[in-house]
Number of protein chains: 2
Amino acid sequence: MSVFLPLDPFSTEAIGPRVYRAIREAIVCLRLTPGQIVSEAEVARQFGASRQPVHDAFVRLELSGLLHVLPQRGTRVARISPKDVRDAQVIRRAVEAATVERACALRRPESLAALALNLERQAIAAAEPEPHAFLKLDEEFHRLLAECADLPMAWAIIEDAKSHMDRVRFLSLPQTTPLAALIRQHKAIVAGIAAGDWAAAREALSEHFCELDKSLPALEAKYPDLFERDDARALGR
Amino acid sequence: MSVFLPLDPFSTEAIGPRVYRAIREAIVCLRLTPGQIVSEAEVARQFGASRQPVHDAFVRLELSGLLHVLPQRGTRVARISPKDVRDAQVIRRAVEAATVERACALRRPESLAALALNLERQAIAAAEPEPHAFLKLDEEFHRLLAECADLPMAWAIIEDAKSHMDRVRFLSLPQTTPLAALIRQHKAIVAGIAAGDWAAAREALSEHFCELDKSLPALEAKYPDLFERDDARALGR
DNA sequence: TCTAGCCAACTAACATGTCAGTTGCGTTCG
DNA sequence: CGAACGCAACTGACATGTTAGTTGGCTAGA
């Protein structure tokens, strides 16, 4: 049993992007452990593909900061770096605020309808014991926000920042913030956009980012091996 | 005579990153024309390297939106897209504002000293007829800002956004904004950070972004072939 | 003249071969 | 026992071979 979701053998999509998404998903969902060593050849073997598409994926994941490639030595899944998580949050807060601001200015009816539909689905998914469906919808929600602002570049950045924050969220899944609060904030954001009320939307968004920081120190104490130490960059440990 | 700066044959740095930088620089400085077709094999030949490092560079440049790769068909230098330029500006404004805000909070003496030194050099470079030195220092200035805020992620984003804006700037080089105004804004930003006066720094920064928009329509009319048309994505043209 | 079809030449995607650098583990020598 | 050496096994970087998909031009047929 592999840590990667198997590739659909009937898909006509190129292998490269599918391998990339599969590896990324495994990292963000912590099925690839922070700090774990991975090798291009070994991962290629697991996918039944050649090293080339895996190499391309590694290049992209290194750019996102999810992998650390040490030339001629090896590659490891980036440990969770509290600084990186906080920095990603700063970036995301700035970019997503600008996104919401523009969404307020545009108020695209189709995108707002898509957001409303997504909100309904969130309410349903929140009732399930399995959090996976909700997390997927949460991702979709923020993608739709960027679409609503007609800012695809913003989504690329938010997606990257989010990946670092999501690993922490996955780590704290049992004692996570009640989903009801998140949904309430989501609804307030959409309401703000629909009303063209930037201040309200911005306020709701900024609440959305407050939770994470509090849980970080406890998690770091509980799972020290998954966290980056400020010193020591050796391959060992 | 090639559009690429030749690679230093004595460098011990890996070929990949050097090829990447050389291609990127050629695109941003418009020595590779927007819309121009490039091929991995041909570029590799020009560098005297294999296709592999060029391929890796293409992957990264496509992610930045500076290249458009059409699978099995070809790759072309992205035309200047007014929407992309404006979107990049929105992103950069948001991220760089957050950067300056944090720089104001940190007020790192070493980074401020480096900024001060850079400002002096800008004043000297502004006197030269050749704008290249100044543009290099401008790039350095914004990198130092991110360093001052201890936000390396922000610099990666700003660098990407900047590349799209810089192509427009290169296009308008003769009738560009007087450098004196830019330097004045730079000084105001640094003064604001040094004083911990976020409002002042933010104000100076936002002036910094006002120039570009005005020149876009005229440039688009003057060089229609270098600009993205909203329709038509065919390889021809 | 126009059209349909074939084909050569190109592309990037994918696969694999080769290389230099790194590492860790034995072994050998002090 | 411990330090130094050497070697085998690994890594990703780089090189190159192979393939499928696209394109544009030529030609055969109307």
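A, B, ... follow the sequence lines: proteins, then strands. Residue 1 opens every chain. Keep in mind the model is a prediction, meaning the values are calculated, not measured.
Taking the six-membered ring where the residue is Trp, the centroids of A:His208 and A:His142 are separated by under 6.0 Å.
Rounded to whole Å, atom C1' of C:dG17 lies 13 Å from atom CZ of B:Arg51. We find that NE2 of B:His55 is positioned 16 Å from P of D:dT16, with the value rounded to whole Å. Atom CD of B:Glu40 and atom P of C:dC14 are 12 Å apart (whole Å). Atom CD in B:Glu42 sits roughly 13 Å away from atom C1' in C:dT11 (whole-Å rounding). Rounding to whole angstrom units, CZ of residue B:Arg76 and C1' of C:dA12 are separated by 15 Å. The interatomic distance linking A:Arg45 (CZ) with D:dC10 (C1') rounds to 15 Å, in whole Å. Nucleotide C:dT11 holds its C1' atom 11 Å from the CZ atom of B:Phe58, rounded to whole Å. As rounded to whole Å, 16 Å separates atom C1' of D:dA20 from atom CG of B:Leu70.
If you check every strand for non-hydrogen atoms under 4.0 Å, B:Val59 touches nothing. Using a 4.0 Å heavy-atom distance criterion, A:Val38 is classed as a sugar-phosphate-only contact.
A rotation axis mapping the C1' atoms of four pairs onto the next four is fitted at both ends of the helix from C:dT1-D:dA30 to C:dG30-D:dC1 over five pairs, and the angle between these axes is 10° to 10 degrees.
In this structure, CD1 on A:Ile80 lies 8.0 Å from CG on A:Leu219, to the nearest 0.5 angstrom. Here the straight-line distance linking atom OG1 of B:Thr75 with atom CD of B:Gln36 works out to 12.0 Å at 0.5 Å rounding. Here the straight-line distance linking atom CZ of A:Arg169 with atom CG of A:Leu30 works out to 12.5 Å at 0.5 Å rounding.
For B:Lys136, the NZ atom is loosely surrounded, since the number of other residues' heavy atoms within 6.0 Å does not exceed 12.
Taking 4.5 Å as the limit, some side-chain heavy atom of A:Val77 sits within range of a side-chain heavy atom of A:Arg167.
A donor atom on one side chain and an acceptor atom on the other are not found under 3.5 Å apart for B:His164 and B:Asp87.
If you check distances only, the side chain of B:Gln52 does reach the base of D:dA15 with a donor-acceptor pair under 3.5 Å.
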Could I get a table of every N or O pair under 3.5 Å where one atom is in the protein and the other is in nucleotides 20-22 of chain C?
from	atom 1	to	atom 2	distance (Å)
C:dG21	N2	A:Gln72	O	3.3

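Taking 4.0 angstrom as the limit, A:Thr75 places none of its side-chain polar atoms (N or O) nearer than this to OP1 or OP2 of D:dT11. Between B:Ser50 and the phosphate of D:dA15, there is a side-chain N or O to OP1/OP2 separation shorter than 4.0 Å.
One finds a salt bridge joining B:Glu25 and B:Arg31 here, because a Lys/Arg side-chain nitrogen approaches an Asp/Glu carboxylate oxygen to under 4.0 Å.
Partners of B:Asp166 by salt bridge (Lys or Arg N to Asp or Glu O under 4.0 Å), not counting sequence neighbours, listed by chain and number: B:Lys162.
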